[in-house]
Amino acid sequence: MSTAPNSTLITNIAEVFTADATQSVIRDAAILVEGENIAWIGPLADAPEADIVIDAGHRAALPGWVDSHTHLVFAGDRSQEFVARMAGQDYAAGGIAVTTAATTAASDYDLTRLVMGRAAEALAGGTTYLETKTGYGLSVEEEARHARIASTVADQVTFLGAHLVPAGMDAQEYTDMVCGEMLERVAPYVQFADVFCERGAFNEAQSRQVLEACAKAGLGLRVHGNQLGPGPGTLLAVEFGAKSVDHVNYLDDADVTALAGSWKGWDAATRTGTAGTVATCLPACDLSTRQPLAPGRELIDAGVQIALASNCNPGTSYTSSMAFCVATAVLQMRLSIEEAITAATYGGALALGVQDRVGSLEVGKRADIQLLNAPSVAHLAYRPGMNLTGPVFRAGVLAAGKL
Ligand SMILES: N=CN[C@@H](CCC(=O)O)C(=O)O
Ligand SMILES: [Zn+2]
(Lines give C-alpha, C1' and ligand atoms only; values in the text may rest on other atoms or scores of the structure.)
(Ligands and ions follow the chains in the order given, each with its own letter.)
Protein backbone atom coordinates (compact mmCIF):
# COMPACT_ATOMS: atom_id res chain seq x y z
CA MET A 1 0.00 0.00 0.00
CA SER A 2 1.42 3.42 -0.88
CA THR A 3 1.09 6.24 1.59
CA ALA A 4 1.05 10.01 1.35
CA PRO A 5 4.12 11.99 2.39
CA ASN A 6 4.49 12.73 6.09
CA SER A 7 2.80 9.57 7.17
CA THR A 8 3.53 8.28 10.67
CA LEU A 9 3.08 4.71 11.78
CA ILE A 10 2.60 4.12 15.50
CA THR A 11 3.73 0.53 15.90
CA ASN A 12 4.05 -2.00 18.69
CA ILE A 13 0.76 -1.13 20.37
CA ALA A 14 -0.23 -3.85 22.84
CA GLU A 15 -3.95 -3.17 22.30
CA VAL A 16 -6.07 -0.50 20.68
CA PHE A 17 -9.53 0.19 22.04
CA THR A 18 -11.16 2.18 19.24
CA ALA A 19 -14.45 3.17 20.95
CA ASP A 20 -16.12 2.61 17.56
CA ALA A 21 -19.67 1.26 17.16
CA THR A 22 -18.52 -2.34 17.44
CA GLN A 23 -16.23 -1.59 20.38
CA SER A 24 -13.29 -3.11 18.53
CA VAL A 25 -10.19 -4.16 20.38
CA ILE A 26 -7.14 -4.90 18.23
CA ARG A 27 -4.17 -6.58 19.88
CA ASP A 28 -0.56 -6.21 18.65
CA ALA A 29 -1.69 -3.30 16.55
CA ALA A 30 -0.50 -0.26 14.64
CA ILE A 31 -2.09 3.04 13.60
CA LEU A 32 -1.16 5.01 10.50
CA VAL A 33 -1.55 8.78 10.69
CA GLU A 34 -1.51 10.97 7.60
CA GLY A 35 -1.61 14.68 8.23
CA GLU A 36 -4.21 15.29 10.92
CA ASN A 37 -6.15 12.10 10.39
CA ILE A 38 -6.12 8.38 10.96
CA ALA A 39 -5.44 6.60 7.66
CA TRP A 40 -5.32 2.99 8.79
CA ILE A 41 -5.69 0.86 11.95
CA GLY A 42 -5.06 -2.86 12.18
CA PRO A 43 -2.79 -5.68 13.22
CA LEU A 44 0.89 -4.77 13.22
CA ALA A 45 1.60 -7.70 10.92
CA ASP A 46 -0.45 -6.00 8.18
CA ALA A 47 0.79 -2.47 8.74
CA PRO A 48 1.66 -0.32 5.72
CA GLU A 49 4.98 1.47 5.39
CA ALA A 50 5.32 5.06 6.51
CA ASP A 51 7.82 7.93 6.47
CA ILE A 52 8.17 7.96 10.22
CA VAL A 53 7.81 5.04 12.60
CA ILE A 54 7.05 5.55 16.30
CA ASP A 55 7.41 2.61 18.66
CA ALA A 56 4.60 2.67 21.23
CA GLY A 57 6.60 0.42 23.53
CA HIS A 58 3.83 -2.17 23.89
CA ARG A 59 1.49 0.39 25.45
CA ALA A 60 -2.30 0.40 25.02
CA ALA A 61 -3.91 3.07 22.83
CA LEU A 62 -7.33 4.69 22.98
CA PRO A 63 -8.99 7.88 21.74
CA GLY A 64 -8.12 11.12 23.49
CA TRP A 65 -10.73 12.11 26.04
CA VAL A 66 -13.48 14.47 24.93
CA ASP A 67 -14.26 16.54 28.00
CA SER A 68 -17.67 18.04 27.22
CA HIS A 69 -18.27 19.88 30.51
CA THR A 70 -15.78 22.18 32.24
CA HIS A 71 -15.77 25.65 33.81
CA LEU A 72 -12.12 26.66 33.41
CA VAL A 73 -12.53 30.45 33.36
CA PHE A 74 -12.07 31.32 37.00
CA ALA A 75 -9.73 32.77 39.55
CA GLY A 76 -9.60 32.40 43.33
CA ASP A 77 -9.76 29.51 45.73
CA ARG A 78 -12.68 27.72 47.37
CA SER A 79 -10.84 25.01 49.24
CA GLN A 80 -12.35 26.19 52.55
CA GLU A 81 -15.84 25.63 51.13
CA PHE A 82 -14.75 22.12 50.20
CA VAL A 83 -13.37 21.52 53.71
CA ALA A 84 -16.66 22.72 55.22
CA ARG A 85 -18.55 20.39 52.90
CA MET A 86 -16.46 17.44 53.95
CA ALA A 87 -17.38 18.40 57.54
CA GLY A 88 -21.05 18.05 56.68
CA GLN A 89 -22.20 21.29 55.06
CA ASP A 90 -24.39 20.95 51.95
CA TYR A 91 -23.32 22.31 48.57
CA ALA A 92 -25.31 25.40 47.52
CA ALA A 93 -25.29 27.35 44.27
CA GLY A 94 -24.43 30.54 46.19
CA GLY A 95 -20.72 29.62 46.24
CA ILE A 96 -20.57 30.67 42.59
CA ALA A 97 -20.62 34.31 43.76
CA VAL A 98 -17.30 33.83 45.58
CA THR A 99 -15.64 32.78 42.34
CA THR A 100 -17.34 35.58 40.44
CA ALA A 101 -15.77 38.17 42.73
CA ALA A 102 -12.28 36.70 42.42
CA THR A 103 -12.57 36.26 38.65
CA THR A 104 -13.84 39.78 38.08
CA ALA A 105 -10.75 41.07 39.90
CA ALA A 106 -8.35 39.11 37.65
CA SER A 107 -6.71 40.85 34.69
CA ASP A 108 -7.06 39.49 31.16
CA TYR A 109 -3.45 38.35 31.33
CA ASP A 110 -3.87 36.48 34.61
CA LEU A 111 -7.18 34.92 33.62
CA THR A 112 -5.86 33.76 30.25
CA ARG A 113 -2.81 32.28 31.95
CA LEU A 114 -5.03 30.42 34.42
CA VAL A 115 -7.29 29.02 31.68
CA MET A 116 -4.34 28.00 29.54
CA GLY A 117 -2.70 26.27 32.49
CA ARG A 118 -5.85 24.26 33.17
CA ALA A 119 -6.22 23.31 29.52
CA ALA A 120 -2.59 22.17 29.48
CA GLU A 121 -3.22 20.03 32.56
CA ALA A 122 -6.21 18.45 30.83
CA LEU A 123 -4.17 17.74 27.70
CA ALA A 124 -1.41 16.15 29.76
CA GLY A 125 -4.11 13.90 31.22
CA GLY A 126 -5.17 12.77 27.76
CA THR A 127 -7.94 15.28 26.93
CA THR A 128 -7.66 16.20 23.26
CA TYR A 129 -11.01 17.95 22.79
CA LEU A 130 -12.27 20.40 25.37
CA GLU A 131 -15.42 22.38 26.03
CA THR A 132 -15.51 25.15 28.60
CA LYS A 133 -18.11 27.59 29.87
CA THR A 134 -18.56 31.16 30.98
CA GLY A 135 -20.67 31.60 34.08
CA TYR A 136 -18.42 33.29 36.62
CA GLY A 137 -18.89 36.72 35.05
CA LEU A 138 -22.59 37.38 35.66
CA SER A 139 -22.45 40.86 34.10
CA VAL A 140 -22.51 41.80 30.44
CA GLU A 141 -18.88 42.97 30.38
CA GLU A 142 -17.51 40.06 32.38
CA GLU A 143 -19.43 37.34 30.55
CA ALA A 144 -18.23 38.78 27.23
CA ARG A 145 -14.63 38.92 28.53
CA HIS A 146 -14.75 35.34 29.79
CA ALA A 147 -16.26 34.10 26.52
CA ARG A 148 -13.51 35.86 24.56
CA ILE A 149 -10.74 34.40 26.72
CA ALA A 150 -12.30 30.92 26.66
CA SER A 151 -12.53 31.01 22.87
CA THR A 152 -8.77 31.42 22.60
CA VAL A 153 -8.16 28.20 24.54
CA ALA A 154 -11.05 25.70 24.28
CA ASP A 155 -12.40 23.85 21.24
CA GLN A 156 -15.96 24.87 22.08
CA VAL A 157 -17.35 27.51 24.40
CA THR A 158 -20.71 27.49 26.17
CA PHE A 159 -22.45 30.64 27.39
CA LEU A 160 -23.62 30.12 30.97
CA GLY A 161 -24.70 33.61 31.92
CA ALA A 162 -27.67 31.85 33.55
CA HIS A 163 -25.50 30.33 36.28
CA LEU A 164 -26.60 32.41 39.28
CA VAL A 165 -28.65 35.55 39.81
CA PRO A 166 -26.12 38.11 41.14
CA ALA A 167 -26.78 39.44 44.64
CA GLY A 168 -28.97 42.53 44.66
CA MET A 169 -30.46 41.85 41.27
CA ASP A 170 -34.02 40.83 40.57
CA ALA A 171 -34.15 37.34 39.04
CA GLN A 172 -36.44 38.33 36.19
CA GLU A 173 -34.46 41.46 35.43
CA TYR A 174 -31.24 39.41 35.31
CA THR A 175 -32.83 36.70 33.11
CA ASP A 176 -33.97 39.39 30.68
CA MET A 177 -30.43 40.74 30.57
CA VAL A 178 -28.99 37.26 29.92
CA CYS A 179 -31.42 36.82 27.02
CA GLY A 180 -30.79 40.29 25.66
CA GLU A 181 -27.62 42.34 25.83
CA MET A 182 -25.47 39.61 27.38
CA LEU A 183 -26.37 37.04 24.75
CA GLU A 184 -25.70 39.55 22.00
CA ARG A 185 -22.25 40.35 23.38
CA VAL A 186 -21.08 36.76 23.93
CA ALA A 187 -22.56 35.31 20.71
CA PRO A 188 -19.44 35.84 18.54
CA TYR A 189 -17.37 33.66 20.88
CA VAL A 190 -19.66 30.75 21.74
CA GLN A 191 -21.28 27.73 20.11
CA PHE A 192 -23.58 26.62 22.95
CA ALA A 193 -25.73 28.04 25.71
CA ASP A 194 -26.52 26.46 29.05
CA VAL A 195 -28.72 27.19 32.06
CA PHE A 196 -28.37 26.05 35.68
CA CYS A 197 -31.95 24.89 36.16
CA GLU A 198 -31.99 24.20 39.87
CA ARG A 199 -33.30 25.31 43.22
CA GLY A 200 -31.26 28.41 44.18
CA ALA A 201 -30.40 29.15 40.54
CA PHE A 202 -32.97 29.41 37.68
CA ASN A 203 -36.53 28.10 37.85
CA GLU A 204 -38.40 26.40 35.03
CA ALA A 205 -39.89 29.58 33.53
CA GLN A 206 -36.57 31.42 33.60
CA SER A 207 -34.72 28.41 32.18
CA ARG A 208 -37.27 28.14 29.40
CA GLN A 209 -36.82 31.81 28.58
CA VAL A 210 -33.03 31.39 28.38
CA LEU A 211 -33.25 28.28 26.19
CA GLU A 212 -35.75 29.93 23.85
CA ALA A 213 -33.65 33.07 23.41
CA CYS A 214 -30.40 31.17 22.91
CA ALA A 215 -31.96 28.73 20.42
CA LYS A 216 -33.32 31.73 18.52
CA ALA A 217 -29.80 33.16 18.42
CA GLY A 218 -28.66 29.94 16.72
CA LEU A 219 -26.75 28.43 19.64
CA GLY A 220 -26.75 24.74 20.48
CA LEU A 221 -28.25 24.01 23.88
CA ARG A 222 -27.24 22.19 27.04
CA VAL A 223 -28.75 22.20 30.54
CA HIS A 224 -27.37 21.76 34.06
CA GLY A 225 -30.25 19.71 35.41
CA ASN A 226 -31.35 17.50 38.30
CA GLN A 227 -28.11 18.00 40.21
CA LEU A 228 -29.29 18.85 43.71
CA GLY A 229 -32.77 17.40 43.61
CA PRO A 230 -35.61 16.40 41.31
CA GLY A 231 -36.62 19.15 38.91
CA PRO A 232 -37.63 20.15 35.40
CA GLY A 233 -34.11 20.39 33.87
CA THR A 234 -34.05 17.05 32.08
CA LEU A 235 -37.54 17.36 30.58
CA LEU A 236 -36.74 20.88 29.41
CA ALA A 237 -33.51 19.69 27.80
CA VAL A 238 -35.37 16.99 25.87
CA GLU A 239 -38.19 19.35 24.91
CA PHE A 240 -35.73 21.88 23.48
CA GLY A 241 -33.65 19.23 21.69
CA ALA A 242 -30.59 20.08 23.80
CA LYS A 243 -27.46 18.14 22.90
CA SER A 244 -26.98 17.28 26.55
CA VAL A 245 -28.37 17.46 30.06
CA ASP A 246 -25.61 17.37 32.61
CA HIS A 247 -25.45 16.10 36.23
CA VAL A 248 -28.69 14.02 36.14
CA ASN A 249 -28.32 12.84 39.74
CA TYR A 250 -32.02 12.94 40.62
CA LEU A 251 -34.03 11.44 37.78
CA ASP A 252 -37.49 9.98 38.00
CA ASP A 253 -39.06 7.50 35.57
CA ALA A 254 -40.49 10.28 33.39
CA ASP A 255 -37.02 11.82 32.98
CA VAL A 256 -35.45 8.52 31.96
CA THR A 257 -38.33 7.74 29.60
CA ALA A 258 -38.01 11.16 27.95
CA LEU A 259 -34.24 10.80 27.54
CA ALA A 260 -34.62 7.31 26.07
CA GLY A 261 -37.37 8.58 23.76
CA SER A 262 -35.05 11.25 22.40
CA TRP A 263 -32.82 8.44 21.03
CA LYS A 264 -35.61 6.62 19.17
CA GLY A 265 -34.34 7.92 15.83
CA TRP A 266 -30.76 6.82 16.48
CA ASP A 267 -29.31 3.49 15.41
CA ALA A 268 -26.63 2.71 17.99
CA ALA A 269 -25.32 -0.25 15.98
CA THR A 270 -24.33 1.99 13.07
CA ARG A 271 -24.23 5.31 14.91
CA THR A 272 -26.48 6.88 12.34
CA GLY A 273 -29.79 8.68 12.50
CA THR A 274 -30.99 11.56 14.62
CA ALA A 275 -29.11 12.04 17.87
CA GLY A 276 -31.08 12.74 21.03
CA THR A 277 -30.16 14.36 24.32
CA VAL A 278 -27.03 12.89 25.90
CA ALA A 279 -27.11 12.38 29.67
CA THR A 280 -23.75 13.64 30.86
CA CYS A 281 -22.64 12.10 34.15
CA LEU A 282 -20.08 13.92 36.27
CA PRO A 283 -18.80 11.39 38.79
CA ALA A 284 -15.97 13.54 40.20
CA CYS A 285 -18.54 16.23 41.02
CA ASP A 286 -20.86 13.67 42.60
CA LEU A 287 -18.07 12.56 44.93
CA SER A 288 -16.93 16.09 45.76
CA THR A 289 -20.47 17.20 46.62
CA ARG A 290 -21.45 13.90 48.25
CA GLN A 291 -24.45 13.58 45.99
CA PRO A 292 -25.69 10.17 44.89
CA LEU A 293 -23.86 9.11 41.75
CA ALA A 294 -25.73 9.71 38.51
CA PRO A 295 -27.48 6.49 37.41
CA GLY A 296 -25.16 5.80 34.47
CA ARG A 297 -25.82 2.06 34.43
CA GLU A 298 -29.59 2.50 34.44
CA LEU A 299 -29.45 5.15 31.72
CA ILE A 300 -27.41 2.93 29.40
CA ASP A 301 -29.76 0.02 30.09
CA ALA A 302 -32.72 2.26 29.21
CA GLY A 303 -31.18 3.07 25.81
CA VAL A 304 -29.82 6.53 26.63
CA GLN A 305 -26.45 7.61 25.25
CA ILE A 306 -24.34 8.88 28.11
CA ALA A 307 -21.17 10.93 28.39
CA LEU A 308 -18.66 11.22 31.20
CA ALA A 309 -17.08 14.61 31.79
CA SER A 310 -14.90 16.18 34.47
CA ASN A 311 -16.98 19.30 35.27
CA CYS A 312 -13.65 20.86 36.27
CA ASN A 313 -14.60 23.93 38.36
CA PRO A 314 -13.57 25.43 41.71
CA GLY A 315 -16.85 24.75 43.51
CA THR A 316 -17.91 21.17 42.94
CA SER A 317 -15.21 19.31 41.01
CA TYR A 318 -11.70 20.69 40.95
CA THR A 319 -10.18 18.04 38.71
CA SER A 320 -9.81 17.64 34.97
CA SER A 321 -8.86 13.98 35.29
CA MET A 322 -11.04 12.06 32.88
CA ALA A 323 -9.16 8.90 33.89
CA PHE A 324 -10.45 9.42 37.44
CA CYS A 325 -13.99 9.80 36.08
CA VAL A 326 -13.64 6.63 34.04
CA ALA A 327 -12.29 4.65 37.01
CA THR A 328 -15.14 5.91 39.22
CA ALA A 329 -17.74 5.07 36.57
CA VAL A 330 -16.41 1.53 36.39
CA LEU A 331 -15.89 0.96 40.10
CA GLN A 332 -18.95 2.78 41.43
CA MET A 333 -21.46 3.26 38.61
CA ARG A 334 -21.05 -0.31 37.36
CA LEU A 335 -20.09 0.54 33.79
CA SER A 336 -17.78 -1.82 31.95
CA ILE A 337 -14.34 -0.44 31.07
CA GLU A 338 -15.43 -0.21 27.43
CA GLU A 339 -18.67 1.60 28.29
CA ALA A 340 -16.86 4.09 30.50
CA ILE A 341 -14.14 4.85 27.96
CA THR A 342 -16.74 5.20 25.21
CA ALA A 343 -18.75 7.60 27.37
CA ALA A 344 -15.62 9.69 28.02
CA THR A 345 -14.71 9.84 24.33
CA TYR A 346 -17.51 9.19 21.84
CA GLY A 347 -20.19 10.17 24.37
CA GLY A 348 -18.55 13.55 24.93
CA ALA A 349 -18.26 14.02 21.17
CA LEU A 350 -21.99 13.27 20.78
CA ALA A 351 -22.77 15.74 23.56
CA LEU A 352 -20.90 18.41 21.59
CA GLY A 353 -22.14 17.33 18.16
CA VAL A 354 -18.64 16.54 16.87
CA GLN A 355 -18.89 12.76 16.76
CA ASP A 356 -18.06 12.63 13.06
CA ARG A 357 -14.66 14.20 13.70
CA VAL A 358 -13.43 13.05 17.14
CA GLY A 359 -14.26 10.59 19.91
CA SER A 360 -13.23 7.28 18.34
CA LEU A 361 -10.27 5.86 16.47
CA GLU A 362 -11.54 5.30 12.95
CA VAL A 363 -10.15 5.90 9.49
CA GLY A 364 -10.80 9.49 8.43
CA LYS A 365 -11.27 10.84 11.94
CA ARG A 366 -8.85 13.20 13.63
CA ALA A 367 -5.79 11.41 15.00
CA ASP A 368 -6.44 12.19 18.69
CA ILE A 369 -4.72 9.25 20.34
CA GLN A 370 -3.49 8.65 23.85
CA LEU A 371 -1.04 5.94 24.75
CA LEU A 372 -1.28 4.50 28.25
CA ASN A 373 1.71 3.46 30.30
CA ALA A 374 0.01 0.08 30.63
CA PRO A 375 -0.54 -2.92 28.37
CA SER A 376 -4.37 -2.76 28.38
CA VAL A 377 -7.09 -0.16 28.83
CA ALA A 378 -8.46 -2.17 31.76
CA HIS A 379 -5.61 -0.68 33.80
CA LEU A 380 -7.52 2.61 33.87
CA ALA A 381 -9.86 1.13 36.48
CA TYR A 382 -7.63 -1.70 37.68
CA ARG A 383 -5.02 0.83 38.87
CA PRO A 384 -7.23 3.73 39.99
CA GLY A 385 -5.48 6.93 40.95
CA MET A 386 -2.30 6.08 39.05
CA ASN A 387 -1.23 8.50 36.33
CA LEU A 388 -1.11 6.15 33.37
CA THR A 389 -1.23 8.78 30.62
CA GLY A 390 1.70 8.45 28.24
CA PRO A 391 2.25 10.33 24.98
CA VAL A 392 -0.83 12.19 23.71
CA PHE A 393 -1.32 12.94 20.02
CA ARG A 394 -3.72 15.68 18.97
CA ALA A 395 -4.57 16.00 15.27
CA GLY A 396 -1.63 13.72 14.52
CA VAL A 397 0.91 15.75 16.46
CA LEU A 398 2.58 14.76 19.71
CA ALA A 399 0.96 17.34 22.00
CA ALA A 400 1.88 16.11 25.49
CA GLY A 401 4.06 13.48 27.14
CA LYS A 402 7.22 11.86 25.91
CA LEU A 403 7.70 8.99 23.50
N1 LIG B 1 -23.89 23.37 39.11
C2 LIG B 1 -23.57 24.40 38.61
N3 LIG B 1 -22.35 24.81 38.27
C4 LIG B 1 -21.14 24.12 38.62
C5 LIG B 1 -20.65 24.50 39.97
C6 LIG B 1 -20.36 25.93 40.09
C7 LIG B 1 -19.73 26.34 41.37
O8 LIG B 1 -20.14 25.96 42.47
O9 LIG B 1 -18.77 27.12 41.27
C10 LIG B 1 -21.33 22.63 38.45
O11 LIG B 1 -21.57 22.24 37.32
O12 LIG B 1 -21.25 21.85 39.40
ZN1 LIG C 1 -21.08 22.51 35.39
Side-chain angles (χ1 to χ4, degrees), residues 67-85 89-104 114-115 118 122 130-138 142-143 146 150 154 156-167 178 190 192-203 206-207 210 221-229 231 233-234 237 242-250 278-294 307-320 322 325 348 351-352:
D67 194 347
S68 60
H69 184 142
T70 76
H71 306 245
L72 301 186
V73 189
F74 68 87
D77 179 78
R78 279 162 67 191
S79 54
Q80 286 315 306
E81 178 185 320
F82 172 77
V83 171
R85 196 156 67 238
Q89 219 163 78
D90 281 345
Y91 170 75
I96 293 166
V98 175
T99 299
T100 298
T103 310
T104 302
L114 287 168
V115 180
R118 290 173 190 131
L130 181 71
E131 178 267 11
T132 201
K133 302 177 205 306
T134 72
Y136 293 119
L138 309 185
E142 280 299 295
E143 282 293 311
H146 298 192
Q156 297 211 28
V157 181
T158 300
F159 167 45
L160 181 58
H163 201 186
L164 184 76
V165 178
V178 167
V190 306
F192 281 97
D194 197 339
V195 54
F196 186 15
C197 179
E198 199 77 47
R199 177 172 27 99
F202 291 80
N203 66 24
Q206 293 153 354
S207 300
V210 170
L221 302 178
R222 19 197 4 93
V223 175
H224 277 68
N226 303 72
Q227 175 185 6
L228 305 174
T234 297
K243 283 258 182 285
S244 174
V245 55
D246 302 40
H247 287 288
V248 293
N249 299 85
Y250 293 91
V278 173
T280 299
C281 304
L282 308 167
C285 173
D286 302 345
L287 294 180
S288 178
T289 53
R290 295 197 167 146
Q291 294 291 333
L293 286 164
L308 290 172
S310 74
N311 190 19
C312 183
N313 79 80
T316 64
S317 187
Y318 198 2
T319 177
S320 59
M322 292 291 281
C325 296
L352 294 171

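Since the structure is predicted, the reported quantities are computational estimates derived from the model, not experimental observations. We're numbering straight along the sequence, starting at 1. All values below were derived from every heavy atom in this structure, side-chain atoms included, with hydrogens, water molecules and symmetry-related copies excluded. Order of listing sets the numbers, starting from 1, for every ligand and every atom in it.
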Name the closest protein heavy atom to [atom], giving the residue it belongs to and the distance to 0.1 Å.
atom	result
atom 1 (N) of ligand 1	Gln227 OE1, 2.7 Å
atom 3 (N) of ligand 1	His163 NE2, 2.8 Å
atom 10 (C) of ligand 1	Asn311 ND2, 3.3 Å

Sub-3.5 Å N/O-N/O distance, Tyr136 and ligand 1: yes
With heavy-atom distances below 4.0 Å as the criterion, list the atoms of ligand 1 near [X].
X	answer
His69	11 (O)
His247	1 (N), 10 (C), 11 (O), 12 (O)
Thr316	5 (C), 8 (O), 10 (C), 12 (O)
Gly315	7 (C), 8 (O), 9 (O)
His224	1 (N), 2 (C), 3 (N), 11 (O)

Heavy-atom gap Tyr91 to ligand 1 smaller than 4.0 Å: yes
Ring geometry between His224 and His247 (parallel below 30°, tilted from 30 to 60°, perpendicular above 60°): tilted
Parallel, tilted or perpendicular: ring planes of His71 versus Tyr136, cut at 30 and 60 degrees: tilted
Member of Asn311, Leu293, Thr316 meeting the side chain to side chain contact (heavy atoms under 4.5 Å, CB included) criterion with Asp286: Leu293
Ligand 1 versus Arg78: contacting region, heavy-atom distance under 4.0 Å: side chain
Backbone N/O of Gln156 and side chain of Glu131: donor-acceptor pair under 3.5 Å: no
Protein N, O or S within less than 2.8 Å of the Zn ion (ligand 2), waters excluded: His69 NE2, His71 NE2, His224 NE2, Asn311 OD1
